[in-house]
Amino acid sequence: MTDMNPSHNDDMNLYAPHQWRHSTVVAGVPWKNPVGTASGTFQYAAVRYFYDVSQLGAVSTKGVSPVPWEGNPGVRTAESPAGTVNAVGLQNPGVDTYLVDELPKLKAAGATVVTNVAGHSDDEYAEVVAKLADCDADMLEINVSCPNVSAGGISVGTDPVALSRLITRLRKLTDKPMIVKLTPNVTDITLIARAAVESGADALSMINTLLGMRIDINTGEPIIEHVTGGLSGPAVFPVGLACVWRVRSVLPDVPIIGIGGIDSGEKALEYLYAGANAVEVGGAALLDPTAPIRVARELELLLDERPDLAHTLAKGGTWR
Amino acid sequence: MTDMNPSHNDDMNLYAPHQWRHSTVVAGVPWKNPVGTASGTFQYAAVRYFYDVSQLGAVSTKGVSPVPWEGNPGVRTAESPAGTVNAVGLQNPGVDTYLVDELPKLKAAGATVVTNVAGHSDDEYAEVVAKLADCDADMLEINVSCPNVSAGGISVGTDPVALSRLITRLRKLTDKPMIVKLTPNVTDITLIARAAVESGADALSMINTLLGMRIDINTGEPIIEHVTGGLSGPAVFPVGLACVWRVRSVLPDVPIIGIGGIDSGEKALEYLYAGANAVEVGGAALLDPTAPIRVARELELLLDERPDLAHTLAKGGTWR
Amino acid sequence: MATPMFTQTVSQACEAGFVPARRRVPITEVQHLTDGVVRLTFTDAYTAQHAKGAQFVNLFTPDPLHSAPRPFGVSEVNGDQVSVMFAVVGYGTEIFANLQAGDMVDMLGPLGRPFQVKADAHYILVGGGLGVPPLIKTAQDLAARDNVSCTAVFGYRDEHFADAFVDQYADELLSIDESQGNVVTLLDRLEPALSQDSREHIILTCGPLGMMKAVAAWARNRGIACQVSMEQRMGCGYGTCVVCTVDTKDGRKKVCSDGPVFRAEDMGWNE
Amino acid sequence: MATPMFTQTVSQACEAGFVPARRRVPITEVQHLTDGVVRLTFTDAYTAQHAKGAQFVNLFTPDPLHSAPRPFGVSEVNGDQVSVMFAVVGYGTEIFANLQAGDMVDMLGPLGRPFQVKADAHYILVGGGLGVPPLIKTAQDLAARDNVSCTAVFGYRDEHFADAFVDQYADELLSIDESQGNVVTLLDRLEPALSQDSREHIILTCGPLGMMKAVAAWARNRGIACQVSMEQRMGCGYGTCVVCTVDTKDGRKKVCSDGPVFRAEDMGWNE
Ligand SMILES: Cc1cc2nc3c(=O)[nH]c(=O)nc-3n(C[C@H](O)[C@H](O)[C@H](O)COP(=O)(O)OP(=O)(O)OC[C@H]3O[C@@H](n4cnc5c(N)ncnc54)[C@H](O)[C@@H]3O)c2cc1C
Ligand SMILES: Cc1cc2nc3c(=O)[nH]c(=O)nc-3n(C[C@H](O)[C@H](O)[C@H](O)COP(=O)(O)OP(=O)(O)OC[C@H]3O[C@@H](n4cnc5c(N)ncnc54)[C@H](O)[C@@H]3O)c2cc1C
Ligand SMILES: Cc1cc2nc3c(=O)[nH]c(=O)nc-3n(C[C@H](O)[C@H](O)[C@H](O)COP(=O)(O)O)c2cc1C
Ligand SMILES: Cc1cc2nc3c(=O)[nH]c(=O)nc-3n(C[C@H](O)[C@H](O)[C@H](O)COP(=O)(O)O)c2cc1C
Ligand code: FES
Ligand code: FES
């Protein structure tokens, strides 16, 4: 990040067009490298000024709902040790605007697009997926951590039965590759993973945020108006890694995208050794817009030295 | 920690005998200050050389089992961002040795003792509690996160029904104040908390460690031989805080000890504002033997400026 | 963050047609003004060249326990030197206040949408406390344009720490501290002169929410256009995370990229 | 860790009859020996006064992302100066290698149980790679005692980076690098002289596990007492967390406090 040595040789230049040496495949969809962005930390309208989005393995966009959602009022963020707690409340312009505004621009820019889907009820998830069925998104990522009225307010992603019912229904609406994104806030993530795969999920991505909060000791009150939010960042890295390892041990074949605390090629590599096909970089992009590209280039150098792992990924396989 | 200004005035000297200004009460047991040590991070035989253990609000000792447990083989620890992952496997000399070696010395040293209880089956928990029933420990803390054969290998602390069965049984064996220590690795910690209180727990302590792991990128293998371990340290702080807040919201009266990521008076204070009666300092003591005393002295200065909170605690109440 | 092997540079970004991302810049001066107010100056040609009044930069501490971005209005630009001015209120400002000339600091910017300024108008820059720094840069911008002029109206808690800085750029300066009154007191004092001045008047204000609401009401009651520069806790500062929202007539808007400047009437304050 | 308001000092601890806890000490010298081996010296009178061969200190990085303790054998003591010697193998050693004289570092110690030495014996200090540093201190201790003597037998990967340091203390030094053989080769070479020497011989060894096992077997086959200094990943370094265990005949023992020194025969290696 220093401006001391403006070296211009390509291999050190994040901006120069780059021929990626190690690709991966997620549920049949080729990614030019194993690093994507995590939903909620990437908006094309903001990121386009900082790097060429087509350079990423994929981009997962902000969760879209049937109609625009306002999100939570007041302060939505609080700092935490090696992390951050956020409670955006899934504010988004809604699927119709997404289909007109963000998706076309992303495809025009050459990005591999994963459209993240949000909903507060099974009907809402279904409405969004139906509208996305024939758009040119490359994959769908169902965020099953949204509070769900059809599941009594708790999220579908915490109850295998409710999850199977939802995914079975969504499966019938589209044959786009469908990723189910898992929450770590469960007793046994492998039960949830199995329920998702058995009801038609083509791939899994994990983890979403951990439940957390901070309190301002000068007022005694929560910093975030919504009180609790989602913890993300390097602090959650070992938790995400353990989730991928345990799900991989139970489901040897399902494609897995590792998410949680990745801010370097080395951490991305740990997820690949835990059995992931690919990874997504979330909060690191909030601290530096080019973080996802940097992680992808760092991982590429590490994979250069690990041909067996690199070849396995390129063929759509995983280390374990 | 600098040795530059060996000021000897008492208020800056962690070692001088100290008259604590703000006490608390946990399930009827007075603590001279609200800061205790967390189980597994305090052994009298090691700590006695570093500070006077009677200065602490309380000390929670390493989990004791019916017979000596060997714990896990090989490497048991791995570093993580603002935290550490450990898989000791509850190695301990067993309750009989504890009753002869550690407890008498602790009581002789003037400590308020919380004896942490471990077991791999309901029978084992019961056997330990029965042996502790008439010892002079001030409180018992049941670690319900141990893998439990009577609950199919998963821990009793993840299943309200199994937990109620265990606590109901243990309640009959002793009238010592009994704390049930909760794991955050559950879908809804408030259900577990309610089950513990309704089956006889006098108090709750939370949180135990989060499930995590690390992988060595030079070998591709897990660093810890047991593969996964428990994540603790500042990284988990917002998670522990949210657990205390949510349980307090559901159970307004049960005494709660806040645990997780505390390494300063300020973080201890956040737990008190979240509704805890007291706190325990765990991993911070691994990084500096006197951390628990330092946290207690820092919290005391902060409580000096918050008389309403201090008075509430002294009377056995909580901020919320 | 782990030491990144790649350190993208400003020139590499610009050559490729992109905006420079987070970068490590040298600090050239740290002035301790009054009670906990610090003026920090660093070298960044890109920000110096592009920043407009009310735009801000993110500063980052080197401490992974406090990794979130800290936004500070660009207060003054001299050559490739950029100055910010802040009060020590928490972990980050505490760390920045202890930096010295020669140290490095990570930053991102310039960020956000500036005050909209046009020719043939007289601007009234109404600042409160640490809302003042972006108005100094605004005065600096206005001073560099012909057929615009500005009056600075600054309210302080006590020390008038910014008067000397804005005085070089503003055509007129009125300032007050809490013991004597507030900025609305000064606006009332200005009113007679304003009503005799035929040019269009535009109020640009930044400071505590209560003050900005009072100033907006004052302007509305007199048919004077008013722009406000808002504050909200941020996650990224460049529009990608939707964390920094405030309520407006037109729904929840991002302070970092829809703002920080909004038209007062769009805030829906006049209910 | 948040900046602690309380910084306990060594003198406060000692006056109260306690062992000093974690403290921040000044670095006086950082020597870059050969390929990635660094000798770092800091000032700590307490460690200098109390440390014995095979005892170690914990060094802590200032980076909260790498907060775990890093144990290093005390390698040499001169007055109140304490030296450690380490290879750059990961995050912590990388950070320590980049420290300079005048910087501060947090440390705890001396920790662990040292080699047991007694009078009227000839010690053979068998070190391998970065197991060598604690043996230099051991040689230093022995040099300060009468009626004991020692032979240093050091094996290196390539550069003999520690010979010059131990040479000042050991009565005799044999060293070898991988290209020529290993420490057992040297022990065989020593054997004739040993068998003619009537004094009791005791082997003190520290280095890679394989090497120590071979040395222990060599000693066992010749009825020579042998003490080994073990390594294991640690959580606290002072005996409170039970993270640092290795298997012994008598169950899992803590390297940091039951060890790091164990009698070779207690390790149960001779199955
Ligand atoms: C667009 C904009 C421009 C600003 N310009 C200035 C300026 O010129 N001078 C000045 O003194 N202050 C300014 N502020 C406020 C300044 O950002 C906060 O004082 C600063 O972030 C506090 O950080 P801290 O680490 O000291 O506090 P901490 O309490 O340790 O901060 C914790 C987190 O909360 C955030 N935070 C805390 N208070 C605020 C706040 N009031 N606004 C936004 N984020 C906050 C911090 O950025 C950090 O991410 C501005 C804020 C915004 C949004
Ligand atoms: C009692 C004892 C004495 C030692 N004396 C020396 C010495 O004199 N010179 C020397 O070069 N090395 C010595 N070591 C090994 C030294 O502690 C490790 O090389 C060092 O901790 C690596 O830290 P790192 O941050 O560079 O590696 P990282 O891989 O970044 O460390 C991650 C964590 O693993 C721990 N770790 C990694 N490798 C080891 C290891 N081999 N043993 C123990 N912990 C490890 C680190 O302490 C840290 O907590 C000693 C180890 C022990 C147990
Ligand atoms: C500000 C913010 C907004 C997020 N929004 C979403 C979202 O809309 N849908 C979703 O599935 N995950 C969302 N997430 C979760 C991230 O996609 C990711 O799963 C999580 O942050 C862990 O990854 P990280 O540690 O790399 O950030 C959001 C995270 C953050 C920080
Ligand atoms: C090395 C280690 C050993 C532990 N052993 C136990 C144990 O035996 N019983 C128990 O209930 N909790 C145990 N814990 C959990 C701690 O008591 C505490 O709940 C957890 O570490 C979170 O607090 P912290 O972040 O302050 O460490 C252990 C934690 C560590 C780090
Ligand atoms: S702070 Fe991220 S969008 Fe404004
Ligand atoms: S490292 Fe904690 S007991 Fe040895």
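All chains are named by letter (A, B, ...) in the order of the sequence lines, taking the proteins before the strands, and each is independently numbered beginning at 1.
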- Task: Give a yes or no answer on whether the side chain of A:R246 reaches the backbone of A:S249 with a donor-acceptor pair at less than 3.5 Å.
- Result: no
- Message: Taking the side chain as everything from C-beta on, heavy atoms only, tell me whether A:L299 gets closer than 4.5 Å to A:N33.
- Response: no
- Query: If you count heavy-atom pairs under 4.5 Å between each of A:P238, A:G212, A:A242, A:G220 and chain B, which one has the most?
  - Reply: A:P238
- Determine, stepwise, if the pair B:E280 / B:T41 fulfils side chain to side chain contact (heavy atoms under 4.5 Å, CB included). CA-CA 10 Å; B:E280 286 179 5; B:T41 66; over 6 Å; no
- Message: To the closest 0.5 Å, what do you measure between CG (A:L166) and OH (A:Y125)?
- Response: 6.5 Å
- Query: Under 4.5 Å, heavy atom to heavy atom, which residues of residues 305-320 of chain B contact chain A?
  - Reply: B:R306, B:W319
- Task: Look at the side chain of A:Y271 and the backbone N and O of A:G260, then say whether any donor-acceptor pair between them is shorter than 3.5 Å.
- Result: yes
- Residue-level interface, residues 78-90 of chain B with chain A, non-hydrogen cut-off under 4.5 Å: B:S80, B:P81, B:A82, B:V85
- Item | Contact listing (chain A partner; residues 221-232 of chain B; heavy atom under 4.5 Å) | B:P222, B:V227, B:T228, B:L231
- Message: Ignoring hydrogens, what is the shortest heavy-atom contact between B:A201 and B:I167? Give both atom names and the distance.
- Response: N-CG2, 3.9 Å
- dist B:I215:CD1 -> A:W245:CH2 (nearest 0.5 Å) comes out at 5.5 Å
- Query: Are A:S164 and A:E198 close enough that some pair of their side-chain heavy atoms sits under 4.5 Å apart?
  - Reply: no
- Message: What I'd like to find out is whether the side chain of B:F237 reaches to under 4.5 Å of the side chain of B:E270, using heavy atoms alone.
- Response: yes
- Ranked by heavy-atom pairs below 4.5 Å to chain B, first place among A:T158, A:L211, A:L210 goes to A:L211
- Note on the structure: Scanning both residues in full, the closest heavy-atom pair of B:I192 with B:D159 reads CD1-N, 3.9 Å
- Atom CD1 in B:I262, atom CG in B:L269: separation rounded to 0.5 Å? 10.5 Å
- Measure the shortest side-chain to side-chain distance between B:R297 and B:E300 over non-hydrogen atoms and say whether it is less than 4.5 angstrom. yes
- Which one of A:A235, A:G233, A:G240 has the most heavy-atom pairs closer than 4.5 Å to chain B? A:A235
- Message: Under a 3.5 Å distance rule, please check whether A:R76 uses its side chain to pair with a backbone N or O of A:N72 as donor and acceptor.
- Response: yes
- Message: Does anything in residues 182-191 of chain B reach chain A? List residues with heavy atoms under 4.5 Å apart, or say none.
- Response: B:N185, B:V186, B:T187
- Non-hydrogen side-chain atoms of B:D263 and B:D288 separated by less than 4.5 Å: no
- Query: Can you check whether B:V281 reaches B:K267 side chain to side chain, under 4.5 Å on heavy atoms?
  - Reply: no
- Item | Validation row: A:V144, A:V180 side chains within 4.5 angstrom (heavy atoms) | yes
- B:S205 and side chain to side chain contact (heavy atoms under 4.5 Å, CB included): which partner among B:V279, B:I259, B:I256? B:I259
- Query: Would you call A:N277 and A:I257 a side-chain contact if the rule is heavy atoms closer than 4.5 Å?
  - Reply: no
